[in-house]
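Okay, so here's the structure we're looking at.
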Amino acid sequence: MAARVVRNSIATTHHTLLTRFLNSLSTIGNNRYLTTTTSTQQQTLAYEEIQSTTTTQQQEEEPQKHSTALVLHGLLGTGRNWRSFSRNLVSYLSNSSPQSKWRFVLVDLRNHGRSAEIEELNKSLPHDLVNSANDLANLIKFDQLDWPDVVIGHSLGGKVAMQFALSCARGDYGHSAAIPKQLWVLDSIPGEVKPENTDGEVEKVLKTLKSLPSTIPSRKWLVNHMIELGFSKSLSEWIGSNLKKSGDHETWSFNLDGAFQMFKSYGELSYWPLLENPPKGMEIELVQAEKSDRWDPDTIQRLETLANRRGSESEGKVSLHVLPNAGHWVHVDNPKGLLDIMAPKIASL
């Protein structure tokens with residue numbers, strides 16, 4: 001099996017596919033990746049697709065099972081942050097079950113990446129987790145995607161994923177909406193985030209970014225400035241990767257004010273009710289990074305109790321996994337370990 005990468009562009013009018021341009025072709029191991037650009041006419045979230053594709057006539061003739069996964073990044077990130085990991089996951093799924101054809105949709109959440117350029121989303125207030133999840137439902141409907149079998153969310157994206165699953169289960173998106181079979185919440189606290197349980201680094205970063213001019217002289221200037229303020233080199237360089245060229249200067253690839261509002265919503269909302277009463281047919285898989293500073297003992301104990309609870313056939317299941325040798329950036333710190341946890345479970349669907 002092979003895989004291809006597809007990007008959509010910001011669109012207007014009906015839902016018809018208008019253009020598809022071949023941008024590049026690369027080879028990774030035995031897997032081939034086609035990069036294309038698509039344009040649809042409804043303004044929805046920007047996203048990139050990674051698809052498994054058949055490579056032999058025998059495979060093409062065999063009946064295939066089509067499955068879809070949504071991948072949601074964290075605060076100030078983009079879908080492309082998860083491109084490498086998603087490619088490896090698609091390759092594993094393709095090799096483990098050649099009859100399964102997977103479509104991974106790597107979304108740029110509102111106020112982030114190319115979605116930050118969409119005026120309709122910028123005007124759709126408030127910028128909270130509920131509207132962020134609504135964006136996903138609108139994307140599925142308007143771009144005629146299948147309702148996802150799997151939703152994967154990291155950090156901020158983990159809570160957006162939980163809100164999406166909750167809204168699906170409540171029928172907020174209509175009768176046609178199907179609940180995900182698996183929900184992966186990666187190093188994301190399910191309850192309210194109490195200031196005393198964090199080191200405040202995210203708040204410090206956001207406050208610092210808000211104090212900077214809207215146009216930055218250069219990426220090098222920004223990185224050096226952040227380091228001088230006491231931030232680590234790796235964090236400063238990651239912040240610098242979110243800049244884009246704008247004439248003679250650099251500007252942010254995200255809407256900072258909107259992202260700040262989303263982070264505020266992240267801290268305020270709690271999804272313990274979802275975990276305590278998981279919808280029938282849904283597996284909720286939480287991954288705690290071993291070295292992450294976001295977890296307090298009470299939260300871990302509460303999750304372990306839920307994971308060990310003997311559920312009934314009328315409800316879903318909650319599981320807790322610990323990813324060793326990883327901090328908050330799970331897909332960067334230990335991608336192989338994360339793949340070992342996730343891939344067999346997803347392949348079992």
Side-chain angles (χ1 to χ4, degrees), residues 3-8 24 26 28-29 31 33-36 44-52 67-94 102-116 132-133 135-136 139-140 145 148-162 164-165 180 182-188 234-235 237-239 241-242 253-254 259 262 266 285-289 292 321 323 326-343 345-347:
R4 62 176 181 170
V5 179
V6 181
R7 293 186 184 89
N8 86 329
S24 66
S26 61
I28 300 179
N31 299 300
Y33 298 92
L34 285 176
T35 302
T36 66
T44 57
L45 293 170
Y47 65 92
E48 175 177 301
E49 289 183 44
I50 297 179
Q51 298 180 5
S52 56
S67 302
T68 299
L70 293 183
V71 182
L72 314 178
H73 60 79
L75 185 70
L76 305 185
T78 65
R80 71 182 181 185
N81 298 150
W82 285 84
R83 184 188 298 165
S84 177
F85 180 82
S86 296
R87 280 173 169 167
N88 291 333
L89 185 49
V90 168
S91 295
Y92 178 99
L93 296 172
S94 298
W102 278 92
R103 180 186 200 181
F104 273 58
V105 180
L106 283 55
V107 174
D108 286 353
L109 296 172
R110 61 166 53 211
N111 298 304
H112 293 77
R114 290 178 297 140
S115 293
S132 298
D135 294 339
L136 300 176
L139 172 65
I140 292 166
L145 304 178
D149 302 275
V150 176
V151 180
I152 303 166
H154 173 238
S155 193
L156 171 74
K159 273 198 165 178
V160 175
M162 286 188 280
F164 175 79
Q182 281 186 6
L183 190 68
W184 287 88
V185 182
L186 310 180
D187 212 52
S188 183
S234 59
L235 176 60
E237 289 178 342
W238 180 76
I239 293 296
S241 71
N242 285 287
S253 61
F254 47 73
M262 292 171 71
Y266 168 88
E285 311 285 345
L286 295 106
V287 176
Q288 171 203 350
S292 175
H321 311 266
L323 177 64
H328 183 59
W329 307 104
V330 291
H331 57 304
V332 175
D333 293 344
N334 189 359
K336 183 181 182 302
L338 186 61
L339 191 72
D340 289 343
I341 290 172
M342 296 178 63
K345 293 283 291 186
I346 296 176

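Numbering of residues begins at 1 and proceeds along the displayed sequence.
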Over all heavy atoms of both residues, which pair between [X] and [Y] is shortest? Give the atoms and the distance, please.
X: Ala289; Y: Val330; answer: CB-CG1, 3.8 Å
X: Gly157; Y: Leu109; answer: CA-CD1, 4.4 Å
X: Ala326; Y: Asn334; answer: CB-CB, 4.0 Å
X: Ala165; Y: Leu183; answer: CB-CD2, 3.8 Å
X: Ala116; Y: Ser253; answer: CB-O, 3.9 Å

Within the structure provided, determine whether [X] and [Y] are in side-chain contact (heavy-atom separation under 4.5 Å).
X: Asp135; Y: Leu139; value: no
X: Trp102; Y: Val150; value: yes
X: Val71; Y: Val105; value: no
X: Trp184; Y: Lys345; value: yes
X: Phe164; Y: Pro180; value: yes
X: Leu70; Y: Ile152; value: no
X: Leu186; Y: Leu338; value: yes
X: Phe254; Y: Asn111; value: no

Evaluation steps, side-chain contact (heavy atoms from CB on, under 4.5 Å), between Leu106 and Ser86: CA-CA 8 Å; Leu106 283 55; Ser86 296; 3.8 Å; yes
Just how far is it from atom [atom1] of [X] to atom [atom2] of [Y], taken to the nearest 0.5 Å?
X: Leu45; Y: His112; atom1: CG; atom2: NE2; answer: 11.5 Å
X: Ser115; Y: Arg110; atom1: OG; atom2: CZ; answer: 9.5 Å
X: Asp108; Y: Tyr47; atom1: CG; atom2: OH; answer: 12.0 Å
X: Gln182; Y: Ser67; atom1: CD; atom2: OG; answer: 10.5 Å
X: Asn242; Y: Thr78; atom1: CG; atom2: OG1; answer: 7.0 Å
X: His331; Y: Leu339; atom1: NE2; atom2: CG; answer: 13.5 Å

Geometric class of the Trp329/His154 ring pair [parallel <30°, tilted 30-60°, perpendicular >60°]: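 Plane angle between 30° and 60°, so tilted.
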Check against salt bridge (charged side-chain N to carboxylate O under 4.0 Å, His left out), Glu48 and Arg80: CA-CA 8 Å; Glu48 175 177 301; Arg80 71 182 181 185; over 6 Å; no
Worked check of side-chain contact (heavy atoms from CB on, under 4.5 Å) between Val287 and Val185: CA-CA 6 Å; Val287 176; Val185 182; over 6 Å; no
Donor-acceptor under 3.5 Å (Ser241 side chain, Trp238 main chain):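 Answer holds: yes.
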Criterion side-chain contact (heavy atoms from CB on, under 4.5 Å) on Met342 and Phe85, from CA distance to verdict: CA-CA 11 Å; Met342 296 178 63; Phe85 180 82; 3.9 Å; yes
Examine the side chains of [X] and [Y] and answer whether a donor and an acceptor come within less than 3.5 Å of each other.
X: Asn81; Y: His73; result: no
X: His321; Y: Glu285; result: yes
X: Thr68; Y: Asp149; result: no

Ionic contact status for Glu49 with Arg103, cut-off 4.0 Å: yes
CA sep, side-chain torsions, deciding dist, call: Phe104, Leu89, side-chain contact (heavy atoms from CB on, under 4.5 Å): CA-CA 9 Å; Phe104 273 58; Leu89 185 49; 3.5 Å; yes
